[in-house]
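Atoms considered below: every heavy atom in the structure, side chains included; atoms not considered: hydrogens, waters and symmetry mates. Note on naming: letters A, B, ... go to the chains in the order of the sequence lines (proteins, then strands), and numbering restarts at 1 for each one.
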Protein chains: 2
Amino acid sequence: MNDSPRNAPTPPTPPTSSAVARHAGVSRATVSYVLNGQAAGRVSAATQAKVKQAAQDLGYVPHAAARSLRSGSSALVLIAVPADKVPAFGPLFAGFVARFQTALEEYGYTGVLHGARADRSPLDTARAWAELRPAAVLTTFGAPLTEESVALLHRSGTRAVLSLGPAPTPGAHGITIDQEEIGAVAAAHLLATGRRALGVVVPDERGLDSFSGPRLAGARAAARAFPGATVTPLPLAPTEESAARARQAISEGHVDGVFAYNDEYAMLLMRALQDAGVDIPGEVALVGADDLLLARLLRPRLTSVRTELPAPHEVAALVDRAITDPSFAPGVSYRTKAQVEPRDSTGDGAGPA
Amino acid sequence: MNDSPRNAPTPPTPPTSSAVARHAGVSRATVSYVLNGQAAGRVSAATQAKVKQAAQDLGYVPHAAARSLRSGSSALVLIAVPADKVPAFGPLFAGFVARFQTALEEYGYTGVLHGARADRSPLDTARAWAELRPAAVLTTFGAPLTEESVALLHRSGTRAVLSLGPAPTPGAHGITIDQEEIGAVAAAHLLATGRRALGVVVPDERGLDSFSGPRLAGARAAARAFPGATVTPLPLAPTEESAARARQAISEGHVDGVFAYNDEYAMLLMRALQDAGVDIPGEVALVGADDLLLARLLRPRLTSVRTELPAPHEVAALVDRAITDPSFAPGVSYRTKAQVEPRDSTGDGAGPA
DNA sequence: TTGAAAGCGGTACCAC
DNA sequence: GTGGTACCGCTTTCAA
């Protein structure tokens with residue numbers, strides 16, 4: 001049955017299109033035509049059947065690298081994520097990525113997620129991406145992307161570089177998730193409900209600085225419109241001890257309104273405040289972000305800033321356009337909007353605290 | 001300056017090793033040796049410098065596909081995740097993936113995450129993976145992997161197929177995350193604290209069935225050891241209405257101990273119970289899973305099952321061994337352990353509710 | 001209707 | 001110490 005020695009556990013070489021051709025008794029060219037649907041009017045139905053059967057029999061799977069080497073373009077779309085931020089992802093972003101990959105597939109691309117190491121320079125990171133010769137790179141969550149990186153990628157054949165995140169990079173298409181606006185609308189809401197001594201949680205977690213910084217800045221900007229309003233940064237690590245310290249800072253600073261970075265930090269802080277007997281929203285109002293189910297489960301119900309991410313298929317369409325349309329100039333194509341969902345923790349809910 | 005017409009936005013072709021060779025006035029062979037560190041004793045220092053300079057000047061980045069085409073093996077490790085489960089990831093798993101990718105890089109591999117579409121057959125999914133000719137495929141979270149898929153991957157040159165998740169697939173290396181054990185230890189704890197009418201939350205969320213099923217089964221198995229103990233499945237969607245219905249089912253069934261699938265569902269259910277005036281743990285004891293910070297923030301503090309995932313670098317080592325050592329036979333190499341962290345929600349905390 | 005052959009970018013053997 | 005060259009798997013033009 002088998003012409004190789006009996007100690008061959010698996011065929012050492014995968015079946016190639018030549019093997020299929022030999023098996024079907026045709027040329028490699030014919031195999032290529034048939035298997036790529038270019039056979040109309042070129043190859044007889046009988047031959048096509050033979051080829052398909054042979055491919056089936058051999059379990060033939062085309063070699064994407066060889067194909068893209070020849071064709072000069074790959075179908076790979078790299079979704080870059082800073083490795084140190086992955087754990088901080090909420091379900092919001094995870095869901096986005098999942099549906100984005102599916103949407104990409106509908107355009108014929110293969111989207112893969114690449115965790116970029118934080119201990120590498122942006123240029124080295126870009127080089128690692130470039131080696132894969134992706135059709136496009138989409139950086140998310142502030143994966144390191146400098147102007148030089150973009151240039152490197154373009155030089156090495158990447159058709160499109162997009163960035164989905166805090167700041168648009170020169171040369172790249174941008175989908176701006178405006179972190180400042182998130183901080184601004186949160187602060188504005190607190191100010192509108194009469195709070196003047198604001199606190200803004202700054203997570204003490206690796207990799208979150210590119211989000212927390214702008215959010216703090218946005219809050220400060222919003223406060224400038226209100227004479228006498230102050231903004232105090234509140235460092236907070238995801239531990240109860242840290243929350244207790246933040247609670248103390250709130251009391252000592254007579255802070256009466258806090259933007260807690262996101263819903264999870266808000267929960268942490270709410271617990272610390274409540275354990276210390278602080279009334280929410282009576283003494284301190286609290287605003288989270290992301291508008292998770294969590295926000296509605298807390299007591300008092302948590303006011304939260306909801307950011308609308310662009311629809312995954314819209315981003316996929318943008319990627320496709322950036323790849324295929326050379327005249328599509330880089331720039332900010334989309335900007336997310338943030339809006340407050342008022343609830344009890346700022347005294348806006350149906351019933352008071 | 002530029003010899004191409006002024007409408008050339010980017011150089012149409014990336015620099016190749018030939019270009020580097022031409023630029024440096026040497027042959028492609030020399031370039032290859034120098035750039036791969038095989039130059040010792042073959043190429044003069046002066047020539048090496050010239051080559052490196054040329055590569056630098058041109059912004060040369062090797063073409064991974066061409067390299068792996070020639071060498072017959074790629075450095076790609078595919079981490080497959082079922083797309084419909086991605087949003088259900090907790091920070092635990094996300095953190096694991098991030099550190100795993102980093103660990104892989106230390107072994108010289110490039111790990112990328114590939115979201116497998118749920119609407120494809122396992123075989124089609126495997127084919128999509130195989131096209132990329134990865135060195136290894138690691139399926140996680142029950143990404144579809146049948147015996148046939150494994151065979152297909154092996155036939156097409158994948159050196160190792162590993163599965164990290166509920167059930168080991170024949171032919172693949174397995175890292176078993178024992179979902180049954182999670183359900184079993186949770187139920188055992190409830191039973192040990194005197195509960196007999198158990199409820200087990202079964203999330204009504206796409207893609208979680210491969211986890212919830214075994215967890216329920218594990219709970220049932222544990223209950224069998226206690227005469228008179230019953231187990232009632234409690235369907236639960238991530239909405240407050242659904243939680244209210246589950247609460248009602250708990251009351252009507254006189255359930256006195258609930259394993260709530262994970263900490264988040266536990267929080268949802270706890271809130272519904274508390275809003276209805278049910279005392280925890282007095283009337284109903286509650287156990288979550290994942291042991292998130294969340295569990296400690298709830299009142300009463302939530303008893304939770306902690307699963308220890310294998311260390312990322314251990315898994316990376318396993319992958320490397322499976323790739324490089326052909327005599328390393330597939331089988332279960334690692335099995336996670338689950339253990340209960342007792343807290344107030346089952347009456348085990350420092351202080352009673 | 002089909003096949004021969006060139007070539008995508010790199011590697012590595014072998015000759016000089 | 002360096003260069004020529006065959007070849008990895010696939011696509012596609014051109015000729016038969």
Side-chain angles (χ1 to χ4, degrees), chain A residues 11-51 54-55 58-75 130-135 155-157, chain B residues 11-51 54-55 58-75 130-135 155-157:
Chain A
T13 54
T16 67
S17 84
S18 305
V20 175
R22 216 175 315 120
H23 200 78
V26 299
S27 75
R28 293 156 57 208
T30 305
V31 170
S32 181
Y33 287 133
V34 172
L35 265 32
N36 290 302
Q38 312 284 44
R42 305 173 118 296
V43 183
S44 70
T47 306
Q48 289 196 40
K50 265 195 310 189
V51 170
L58 268 52
Y60 171 71
V61 175
H63 193 308
R67 173 179 294 175
S68 78
L69 185 57
R70 170 67 230 215
S71 70
S73 65
S74 87
E131 288 197 8
L132 300 174
R133 294 289 192 278
R155 260 205 318 275
S156 57
Chain B
T13 52
T16 68
S17 84
S18 306
V20 175
R22 217 174 313 121
H23 200 78
V26 300
S27 74
R28 295 187 313 157
T30 304
V31 170
S32 180
Y33 289 131
V34 172
L35 263 34
N36 291 302
Q38 313 283 44
R42 305 173 118 298
V43 183
S44 71
T47 306
Q48 289 195 40
K50 265 195 308 185
V51 170
L58 267 51
Y60 170 72
V61 176
H63 192 308
R67 174 179 296 176
S68 79
L69 183 59
R70 169 68 229 212
S71 71
S73 65
S74 86
E131 287 196 9
L132 298 174
R133 294 291 192 277
R155 259 205 319 275
S156 56

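Here A:Ser27 pairs with A:Thr30 under the side-chain hydrogen bond (donor to acceptor under 3.5 Å, both in side chains) rule; sequence neighbours left out. By the side chain to side chain contact (heavy atoms under 4.5 Å, CB included) test, A:Thr16 is found to be paired with A:Ser18, A:Ala19, residues two or more places apart in sequence or in another chain being considered. Listed by chain and residue number, B:Thr47 satisfy the side-chain hydrogen bond (donor to acceptor under 3.5 Å, both in side chains) test with B:Ser44 (two or more places apart in sequence, or in another chain). In this view, B:Ser74 satisfies the side-chain hydrogen bond (donor to acceptor under 3.5 Å, both in side chains) rule with no residue, not counting sequence neighbours.
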Only pairs under 3.5 Å count here: list side-chain donor-acceptor contacts from residues 59-69 of chain A, not counting sequence neighbours, and write none if there are none.
from, atom 1, to, atom 2, distance (Å)
A:His63, ND1, A:Ala65, N, 3.3
A:His63, ND1, A:Ala66, N, 3.3
A:Ser68, OG, A:Ala65, O, 3.3

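Between the CG atom of A:Leu69 and the P atom of C:dT11 there is a distance of 12 Å, rounded to whole Å.
For the helix from C:dT1-D:dA16 to C:dC16-D:dG1, the terminal axes (five pairs an end, C1' atoms, rotation from four pairs onto the next four) enclose an angle of 50°, given to 10 degrees.
Atoms CZ and OG, on B:Arg22 and B:Ser17 in that order, are 9.5 Å from each other to the nearest 0.5 Å.
Contact check for B:His23 versus B:Pro15: no side-chain heavy atoms found under the 4.5 Å cut-off.
Of all heavy-atom pairs spanning B:Val43 and B:Gln48, the tightest one is O-NE2, 3.2 Å.
One finds no side-chain N or O of B:Ser68 lying less than 4.0 angstrom from the OP1 or OP2 phosphate oxygen of D:dC8. Contact check, B:Thr47 against D:dT2: a side-chain N or O comes under 4.0 Å of OP1 or OP2.
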Going 5' to 3' along nucleotides 10-16 of chain D, which nucleotides have protein heavy atoms under 4.0 Å from the base (write B), which only from the sugar-phosphate (write S), and which from neither (write -)? BBBB---
